[in-house]
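Below is one structure, written out as structure tokens; the observations come after it.
Computed over heavy atoms, backbone and side chain alike; hydrogens, waters and symmetry mates excluded.
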Amino acid sequence: MGKDGFATITPEGKLKLCKDDKLILPASTLQLRDQLGAQIPLVRIEKLLAGVDQLSGFSECFQPLPGLTARIPVPRTHLHAALTAHGTNIGLFEMGHSNETVTVDQMRHATQWLIRDQTLNAANAELIATHRSYPITTVWGDGLRSSSDGQRFGIQKRSLLGSFYPRYFGYYDRAITVYTHISDQYSVFNTLVISCSTREATYVLDGLLNNLTEIQPEFHSTDTAGYTDHIFALCYLLGFSFQPRLADIPHQRLYKMAKDDRYGDLDTLFTSAADVALIREQWDQLVRVAASLKQGIAPAHIILERLAGRAPSDQVAKALAALGRIVKSAYILRYVSDPALRYTVQLQLNRGESRHQLAKHLFFLNHGIFKTNDLDQIINKATCLSLLSNAVLVWNTHHIASTVSKLRRQGHAVDDQDLARISPLWFKHILVHGAYDFSDNAVIL
């Protein structure tokens, strides 16, 4: 444990951690980032969306409900305008007055006929598949790792999900949380809208189990807000390796498998033994809970809320918590002694933060505040924002791949390790303000 100096045991028998240094980029990485950034052209968001549609054909995923046919066909330009209006928080009315080609009624028609959860999720899956078709994506990851985190947005009107969040919005303004799951290749594969007053850990499994994309993560990370003992246990039962970054590791309670087990110098860290007999007694029930989640019989957050509400009197909830404590204890001991694991977890969470920065840039109007209290509209806007961020990812990856190939043909050495440290979610070259033009889909890629 003490080989890298991150963790030591004090004379009082307590765990003491030294803060890890932040992930510092080498000079070669910074130089390559500048080279790549100089080659990506300025582009307006609506032109970027049209160009990515040429690459992926994601607009084909937007179809009317089965058995219905729109009385008036919806051109791609109308669909692009509606997606841009929702994903940038401009809204249909403002977008109708910010361009001269698509009217408010035409965007409203496209929204009513084509834009809903199923079509947005299918379009995002198509964008992710297009992104994964570029060989360069493997330098960032193989799709086996993911993370989830919430981003707070203000909400102007009263809503069932709106709640006060003094930490960022004071004591008078309400906010909601947009909770996203992102892969190690920087793509967003699930988007949820939840209340700020709800613990984020409740929704970790929803994104993993409702994932309909090519990406199938096996390792998942969150920050401290995304952790509970129940999550550790259910991830273990469902075949996921849960790897959170816990802010209060020295204060976490560690559990042995049995009271008589001895672990040498580590004995002082263990507070008690987990109730293995209870786990054995309730094992069949635990497997049934996991099977129900896997089959989608009930939403994961509903089951987690009920288990949390029934503890500590309910035996199944107690057994699940006991199993989670064992898994958590093993993970914490590994985390404090494995620098590679800590680096990987931190890197993945940084990817989520880079996506948050992109979301702030795209969802710009009204300072990123939702002006509606209609839940369906809020969810549509949040998912359209994820679609725009995935479109930016495809656009940037296309140009990064082209530039890297050009540099290598010219004899320049481009190290994959440097490339892996560079986020493909740049946004300074993406113009979101000003007048919009949806008249011409011919975009030079």
Side-chain angles (χ1 to χ4, degrees), residues 45-46 49 52-53 58-65 68 70 74 76-96 98 102-128 150-162 174-181 187-195 203 206-207 210-213 299 355 358-360 362-366 368-392 432 436 438:
I45 185 62
E46 72 272 18
L49 194 63
V52 171
D53 197 3
F58 72 82
S59 61
E60 297 299 324
C61 298
F62 290 92
Q63 299 294 333
L65 287 167
L68 298 178
V74 181
R76 289 188 179 186
T77 51
H78 298 182
L79 174 62
H80 292 165
L83 292 172
T84 305
H86 294 309
T88 58
N89 202 30
I90 291 177
L92 302 183
F93 182 80
E94 292 293 337
M95 179 60 79
S98 299
V102 183
T103 66
V104 175
D105 288 338
Q106 289 170 336
M107 286 184 287
R108 186 178 293 117
H109 178 69
T111 299
Q112 291 173 345
W113 278 97
L114 303 182
I115 299 179
R116 56 187 185 277
D117 282 349
Q118 294 84 352
T119 56
L120 286 168
N121 291 335
N124 271 315
E126 188 62 39
L127 286 171
I128 291 174
Q151 186 174 14
R152 278 77 189 178
F153 293 88
I155 183 168
Q156 199 171 65
K157 299 181 180 179
R158 289 180 178 270
S159 169
L160 291 175
L161 291 180
R174 290 177 172 82
I176 58 174
T177 297
V178 176
Y179 195 65
T180 51
H181 287 64
S187 53
V188 178
F189 62 86
N190 192 266
T191 306
L192 298 167
V193 177
I194 63 177
S195 171
Y203 292 86
D206 287 82
N210 297 331
N211 173 26
L212 302 177
T213 70
R355 193 270 169 184
L358 172 62
K360 286 182 181 179
L362 296 175
F363 202 73
F364 72 95
L365 201 70
N366 301 313
I369 297 174
F370 288 96
K371 298 187 70 175
T372 179
N373 60 357
D374 184 273
L375 180 58
D376 289 335
Q377 292 184 27
I378 292 173
I379 293 174
N380 273 354
K381 283 178 176 287
T383 314
C384 285
L385 174 59
S386 293
L387 186 145
L388 288 185
S389 67
N390 282 337
V392 169
V432 295
Y436 296 84
F438 298 96

- With T84 via side chain to side chain donor-acceptor pair (under 3.5 Å) - residues at least two apart: none

- Task: Please work out which of the three classes, parallel, tilted or perpendicular, describes the rings of F363 and F370, given edges at 30° and 60°.
- Result: tilted

- Task: Can you sort out the partners of Q151 under side chain to side chain donor-acceptor pair (under 3.5 Å), two or more places apart, ordered by chain and number?
- Result: H356

- Query: Once you round to the nearest 0.5 Å, how far does CD of Q377 lie from CD1 of I115?
  - Reply: 11.5 Å

- Item | Spacing of C61 atom SG and Q118 atom CD [to the nearest 0.5 Å] | 12.5 Å

- Message: Could you tell me if the side chain of L120 sits less than 4.5 Å from the side chain of C384, heavy atoms only?
- Response: yes

- How many angstroms lie between atom OG1 of T213 and atom CD1 of I128, to the nearest 0.5 angstrom? 4.5 Å

- Which residues share a ring pair (Phe, Tyr, Trp, His ring centres under 6.0 Å) with H181, sequence neighbours left out: Y179, F189, H220

- Kindly say whether N211 contributes a backbone atom to a donor-acceptor pair with the side chain of N190 at under 3.5 angstrom? no

- Residues passing the side chain to side chain contact (heavy atoms under 4.5 Å, CB included) test with E60, sequence neighbours excluded, are Q63, R76

- Query: Atom CZ in F62, atom CZ in R116: separation rounded to 0.5 Å?
  - Reply: 9.5 Å

- Query: If every non-hydrogen atom of T111 is compared with every non-hydrogen atom of A82, which pair is closest and at what distance?
  - Reply: OG1-CB, 3.7 Å

- Query: Applying side chain to side chain donor-acceptor pair (under 3.5 Å), which residue pairs with at least one partner in residues 382-391 are found, sequence neighbours left out?
  - Reply: N124-N390, T191-S386, R355-S386

- Note on the structure: Here the pair of heavy atoms bringing D53 nearest to S59 is OD2-OG, 2.9 Å

- Using a 4.5 Å cut-off on heavy atoms from C-beta on, say whether the side chain of N366 contacts that of F153. no

- Between L387 and A123 the two heavy atoms that sit nearest each other are CD1-CB, 3.7 Å

- Can you find a pair of side-chain heavy atoms, one from S195 and one from I176, that are under 4.5 Å apart? no

- S98: side chain to side chain contact (heavy atoms under 4.5 Å, CB included) partners, not counting sequence neighbours: Y436

- Task: Only counting residues at least two apart or in another chain, list the ones meeting side chain to side chain donor-acceptor pair (under 3.5 Å) with N210.
- Result: none

- Sorted by chain and residue number, the side chain to side chain contact (heavy atoms under 4.5 Å, CB included) partners of F93 (sequence neighbours excluded) come out as H97

- Note on the structure: On a heavy-atom basis, the closest approach of V52 and A391 is CG2-O, 3.4 Å

- Between M107 and A85 the two heavy atoms that sit nearest each other are SD-CB, 4.5 Å

- Closest non-hydrogen contact found for I378 with T372 is CD1-O, 3.6 Å

- Working to the nearest 0.5 Å, report the span between NZ of K381 and CG of D376. 13.0 Å

- Message: Please report the interatomic distance CZ(F438) to CG(L79), rounded to the nearest 0.5 Å.
- Response: 10.5 Å

- Task: Scan for salt bridge (Lys or Arg N to Asp or Glu O under 4.0 Å) pairs involving residues 79-96, sequence neighbours excluded, and state none if there are none.
- Result: none

- Query: Below 4.5 Å, heavy atoms only, C-beta onward: do H86 and L385 meet side chain to side chain?
  - Reply: no

- Item | Within-4.5 Å side-chain heavy-atom neighbours: I45 and L49 | no

- Query: What residues, two or more places apart in sequence or in another chain, satisfy salt bridge (Lys or Arg N to Asp or Glu O under 4.0 Å) together with D105?
  - Reply: R108

- Item | Those residues that, when tested against Q156, pass side chain to side chain contact (heavy atoms under 4.5 Å, CB included) (two or more places apart) | I369, K371

- Message: In the structure I gave you, are the side-chain heavy atoms of V178 and L192 within less than 4.5 Å of one another anywhere?
- Response: no

- Hits for side chain to side chain donor-acceptor pair (under 3.5 Å) against N373, two or more places apart or cross-chain, chain-then-number order -> none

